[in-house]
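Right, one structure below, let's go through it.
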Amino acid sequence: MMKDIAKVLFTEETIAARVKELGSQINKDYEGKELIVVGVLKGALMFMADLIREIKTPLRFDLIAVSSYGASTSSSGIVRIIKDIDMSIENEHVLVIEDIVDTGLTLKYLMKTLASRQPASLKSCVLLDKPSRRKTEITPDYSGFSIPDWFVVGYGLDFAQRYRQLPVIAVLKPEAYNIGNSQEKEES
Ligand code: IMP
């Protein structure tokens with residue numbers, strides 16, 4: 001696992017410090033309110049688990065899973081909800097937690113879908129942002145780190161469903177990426 005890593009971008013300590021900062025900002029912004037946190041499976045799992053422990057605002061959380069279709073996804077923007085949240089978000093303050101914004105199509109679709117359910121407010125918090133890859137206009141309300149156009153793994157992020165358990169965020173060696181990709185890519 002660690003032998004496949006070419007470069008560590010963010011260590012456990014760096015991630016934890018940034019998650020703490022994001023938590024403080026969220027605590028300030030939502031003071032006196034209650035939150036519903038919607039985590040996007042599977043990639044946001046670690047980030048969400050760590051972030052909500054920094055949030056002092058009372059909250060409930062739910063999980064949503066989306067999938068996107070193969071290579072055409074990034075251009076077509078076809079996103080499908082494969083597991084919806086169970087709770088109503090009408091008149092609630094909702095914070096969507098996502099692992100990474102790349103083209104932005106997934107987050108845009110999710111925000112649009114959730115906005116149609118009439119929440120009191122709707123914001124997004126992403127761990128990583130690749131602004132240079134954007135295909136649609138969307139800026140996350142909270143963002144952990146901006147990164148260049150590199151494919152990264154670890155701390156929930158996968159390549160072909162692997163490497164999610166790495167405690168760091170890293171770039172793999174080129175040879176580690178040379179395994180087959182599936183038709184339908186499970187999101188996040
Ligand atoms: P978007 O719709 O292009 O913004 O894609 C967002 C999704 O693509 C994320 O939720 C991830 O699942 C996946 N993704 C994009 N870049 C990376 C990466 O560098 N590593 C792992 N997954 C990524």
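What you are looking at is a predicted structure, and each value in this text was computed from that prediction instead of being measured. Just so you know, these numbers use all the heavy atoms, side chains as well, and skip hydrogens, waters and symmetry mates.
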Closest non-hydrogen atom pair, Tyr30 against Val94: OH-O, 4.3 Å

Asp29 and Tyr142 side chains, donor-acceptor separation under 3.5 Å: yes

Ile85 CD1 to Ile64 CD1 distance, which is reported to the nearest 0.5 Å: 5.5 Å

Heavy-atom side-chain proximity of Thr136 to Thr103 below 4.5 angstrom: no

Intermediate values then yes/no, side chain to side chain contact (heavy atoms under 4.5 Å, CB included), Val96 and Leu122: CA-CA 8 Å; Val96 175; Leu122 179 64; 4.0 Å; yes

Separation between CG of Leu127 and CE of Met48, rounded to the nearest 0.5 Å: 13.5 Å

Side-chain (Asn27) to main-chain (Glu54) donor-acceptor, under 3.5 angstrom: yes

Flag, side chain of Tyr177 to backbone of Phe151, donor-acceptor distance under 3.5 Å: yes

Heavy-atom closest contact (Arg117 atom, Ile81 atom, distance): NH2-CD1, 4.3 Å

Among Trp150, Phe47, Phe145, the one residue meeting ring pair (Phe, Tyr, Trp, His ring centres under 6.0 Å) with Phe10: Phe145

Check ion pair Arg18-Asp50 (N to O, under 4.0 angstrom): no

Working for side chain to side chain contact (heavy atoms under 4.5 Å, CB included), residues Asp4 and Tyr163: CA-CA 9 Å; Asp4 295 341; Tyr163 305 103; 2.7 Å; yes

Side-chain (Ser143) to main-chain (Pro140) donor-acceptor, under 3.5 angstrom: no

Side-chain heavy-atom pair Ser132, Pro148 within 4.5 angstrom cut-off: no

Arg162 (side chain) donor-acceptor with Asp158 (main chain) under 3.5 angstrom: no

Check against side chain to side chain contact (heavy atoms under 4.5 Å, CB included), Ser67 and Val79: CA-CA 6 Å; Ser67 80; Val79 180; over 6 Å; no

Distance-minimising heavy-atom pair for Ile169 and Gly154: CG1-O, 4.2 Å

More than 12 heavy atoms of other groups within 6.0 Å of Lys173 NZ: yes

Enclosure of Lys83 NZ (heavy-atom neighbours >12, cutoff 6.0 Å): yes

Gap between atom OG1 of Thr113 and atom CE of Met111 - 0.5 Å precision: 10.5 Å

Test item: Lys33 side-chain N/O and Thr57 main-chain N/O as donor-acceptor pair under 3.5 Å: no

Salt bridge Arg133-Asp102, side-chain N to carboxylate O under 4.0 Å: yes

Side-chain touch Val168/Leu9, heavy atoms, less than 4.5 angstrom: no

Euclidean distance, Thr139 OG1 relative to Asp129 CG, rounded to 0.5 Å: 8.0 Å

Lys108 side chain to Glu137 backbone, donor-acceptor under 3.5 Å: yes

Derivation and outcome, side chain to side chain contact (heavy atoms under 4.5 Å, CB included), residues Val40 and Val66: CA-CA 8 Å; Val40 186; Val66 291; 4.2 Å; yes

Between CD1 on residue Ile15 and CG on residue Leu51, distance to nearest 0.5 Å: 13.0 Å

Donor-acceptor pair, side chain of Lys135 and main chain of Leu105, under 3.5 angstrom: no

Cationic N near anionic O, under 4.0 Å, Arg60 to Glu92: yes

Student check: side-chain heavy atoms of Met2 and Ile5 closer than 4.5 Å: yes

side-chain contact (heavy atoms from CB on, under 4.5 Å) partner of Val126, chosen from Val101, Asp141, Asp99: Val101

Side chain proximity check, Leu95 to Ile26, heavy atoms < 4.5 angstrom: yes

Note, Arg164 side chain near Leu45 side chain (heavy atom, < 4.5 Å): no

Any side-chain heavy-atom pair of Ile147 and Ile100 under 4.5 Å: yes

Inter-residue atom distance Ser88.OG - Ile36.CD1, 0.5 Å rounding: 7.0 Å

